[in-house]
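Heads up: the structure comes next, in structure tokens.
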Amino acid sequence: MSVDAVFLLGGLTLLVAVILPTILARAWLSAPVVLISLGCLIGLMPLPNGFVLDPVDQRDTIEHVTELTVLLALMGVGLALDRPLSLRRPSGWPTWSATWKLLAIAMPLTIAGVFLVGWWGLGLAAAPALLLAAALAPTDPVLAADVQVEGPRTRASRSTDDDAEGAGEDEGEQEVSEKDEVRFALTSEAGLNDGLAFPFVYAAIFLATTGPVAEWGLHWVAWELVGKVAIGVLVGLLVGWGLARVAFRASGLAARGEVLLGLAAMLTAYGAAEVAQGYGFLSVFTAAMAIRAAARTHEFHEHMHSSIERLERLMTLVVLLFVGISLTDGALRYLDWRSVLIATSLVLLIRPLSGWIALSVGHWRVHDEVHRPLERRERAITAFFGIRGVGTLYYLSYALSETTIEDERWLWATALFTIVLSVLVHGVAATPVMQRLEAARERLEDRRRDDTPGPGQEAFGATS
């Protein structure tokens with residue numbers, strides 16, 4: 001394939017990526033499925049001389065490309081969420097209860113489940129089993145657009161001038177706009193668990209380099225699990241608060257629509273957190289939420305989110321094409337039945353079961369309309385859509401750059417197969433499942449408006 005042909009193919013591929021969201025808006029097929037399939041076709045063609053897409057040889061490139069892609073996704077997710085969360089106003093924290101359950105219960109259960117399948121069930125060494133479990137644990141903010149909240153939208157009820165004057169008002173007085181608990185739970189989970197997977201990746205690195213848990217366990221809990229998380233959140237809050245003051249009060253950047261502020265905030269938050277030895281992923285997400293909270297309904301958020309989203313779409317195109325190319329260019333040569341067992345167990349059993357257990361905790365308690373728990377169908381859908389994707393590739397490449405772990409090519413093959421399986425299963429199911437959920441909600445609202453008693457009066461059936 002000549003260089004000119006590469007340019008042509010790149011242009012056509014980018015064109016396909018641009019028009020796919022419109023074409024597939026109501027189809028039972030997601031854009032990632034099409035892009036990976038397109039990458040597989042490209043991988044079957046004669047590639048330019050010297051072009052080799054081997055994950056082991058291209059580990060550093062994969063790490064940095066996926067790192068930037070995840071950062072863009074986290075910034076976009078943080079700007080998209082419109083539900084108050086403030087350290088000074090803990091009254092809003094119960095509205096995030098589904099998120100806390102998914103992070104504190106479902107994620108550790110998922111890591112434990114994959115680790116036990118690999119270590120105890122398949123006889124893997126502890127370090128590669130834990131690394132695979134940690135890399136596969138976080139749900140993906142990049143590929144989950146079909147089940148996430150929409151980006152910020154301008155509200156006609158309040159002017160942008162009012163927003164600018166009210167910057168910094170109490171979050172408790174802000175309107176909660178996310179009515180879809182399923183989409184909110186999946187979006188907020190994906191925004192936070194990418195950073196929270198890092199301690200477990202480090203645990204796998206320590207197992208491979210330092211030795212038994214007794215030699216590093218206390219340090220890991222104090223620093224990797226608690227210290228770095230706290231630093232990441234604190235740096236994100238400071239960066240977000242500072243840049244929000246610059247945007248909405250000091251310089252009028254928001255009024256001028258300076259959308260590059262979003263990119264500047266992302267890079268500043270990430271760089272500052274990493275320099276301070278914290279988790280940069282958490283810092284970026286926290287900074288984005290802090291900027292959104294400063295003037296929650298300002299139209300500037302819509303413009304900033306839109307620019308971040310376009311960059312994310314471009315980076316996602318690159319990653320998914322390379323995933324597809326690698327599938328038909330030899331990356332799956334090291335795939336075996338153990339890989340298939342781990343992938344199918346995670347996607348179809350471990351994550352759904354872990355999510356269901358987590359979301360079922362405390363669901364019997366009495367809640368008001370704002371703090372209502374997820375109903376049975378909502379819990380099942382939220383538990384099922386634990387999409388794996390770009391974050392897995394980043395964590396795997398990061399860990400394998402830090403230490404040597406046996407069966408590296410097998411780990412890559414297993415991770416790629418799991419991502420593709422998740423993209424296929426969740427991508428095909430997302431549109432019909434979410435459409436049926438929304439139709440069920442509409443029927444419920446109709447019954448409530450008509451004040452007609454019946455078996456559907458409880459949302460989607462019994463909650464027990």
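Everything numeric here is computed off the predicted structure, so don't read it as measured data.
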Tell me whether Arg183 is salt-bridged to Glu438, with the criterion being a basic N under 4.0 Å from an acidic carboxylate O.
yes

Point-to-point distance, once rounded to the nearest 0.5 Å, from CG of Leu341 to CG of Leu122
5.5 Å

For the residue pair Ala415 and Leu396, what are the closest heavy atoms and their distance?
CB-CD2, 3.7 Å

Rounded distance [0.5 Å steps], CG in Leu314 versus CG in Leu68
9.5 Å

Rounded at 0.5 Å granularity, tell me how far CD1 in Ile36 sits from CG in Leu321.
9.5 Å

Distance-minimising heavy-atom pair for Gln148 and Asp140
NE2-O, 3.9 Å

Compare every heavy atom of Ile111 with every heavy atom of Ala137, then report the nearest pair and how far apart it is.
CB-CG1, 3.3 Å

For Thr286 and Gly236, indicate whether the former's side chain and the latter's backbone hold a donor-acceptor pair under 3.5 Å.
no

Under 3.5 Å, is there a donor on one side chain and an acceptor on the other for Trp96 and Ser188?
no

Cation-pi, Phe384 ring and Arg351 (6.0 angstrom, 45 degrees)
no

Might you point out which heavy atoms bring Ala383 and Gly355 nearest each other, and give the distance in Å?
CB-C, 3.6 Å

Please check if the side chain of His426 supplies one atom and the backbone of Ser422 the other of a donor-acceptor pair under 3.5 Å.
yes

Quick one: which of Val347, Thr139, Val423, Leu393 gives a side-chain contact (heavy atoms from CB on, under 4.5 Å) with Arg388?
Thr139

Going by side-chain contact (heavy atoms from CB on, under 4.5 Å), name the residues that satisfy it together with Ser306, two or more places apart in sequence or in a different chain.
Arg310

Salt-bridge test for Arg83 and Glu181: reply yes if a basic N is under 4.0 Å from a carboxylate O, no otherwise.
yes

Is it true that the side chains of Ser339 and Asp336 contain a donor and an acceptor less than 3.5 Å apart?
yes

Do the side chain of Ser397 and the main chain of Tyr394 share a donor and acceptor less than 3.5 angstrom apart?
yes

Is it true that the side chains of Tyr398 and Tyr202 contain a donor and an acceptor less than 3.5 Å apart?
yes

Are the aromatic rings of Phe115 and Phe200 close, with centres under 6.0 Å apart?
no

If I compare all heavy atoms of Ile62 with all of Pro55, which pair ends up nearest, and what's the gap?
CD1-CA, 3.7 Å

So which atom in Ala273 and which in Val235 form the shortest heavy-atom distance, rounded to 0.1 Å?
N-CG1, 3.7 Å

Taking only Lys NZ, Arg NE, NH1 and NH2, and the carboxylate oxygens of Asp or Glu, determine whether Arg409 and Asp54 approach each other closer than 4.0 Å.
yes

Evaluate the criterion ring-ring contact (aromatic ring centres under 6.0 Å, His included) for residue pair Tyr270 and Phe285; output intermediate values, then yes/no.
CA-CA 9 Å; Tyr270 186 68; Phe285 178 75; over 10 Å; no

Output for pair (Ser360 OG, Lys101 NZ), nearest 0.5 Å, gives 8.0 Å

is_close_aromatic(Phe206, Trp216), centroid dist under 6.0 Å:
yes

Tell me if a side-chain donor or acceptor on Trp119 pairs with a main-chain N or O of Val114 at a distance below 3.5 Å.
no

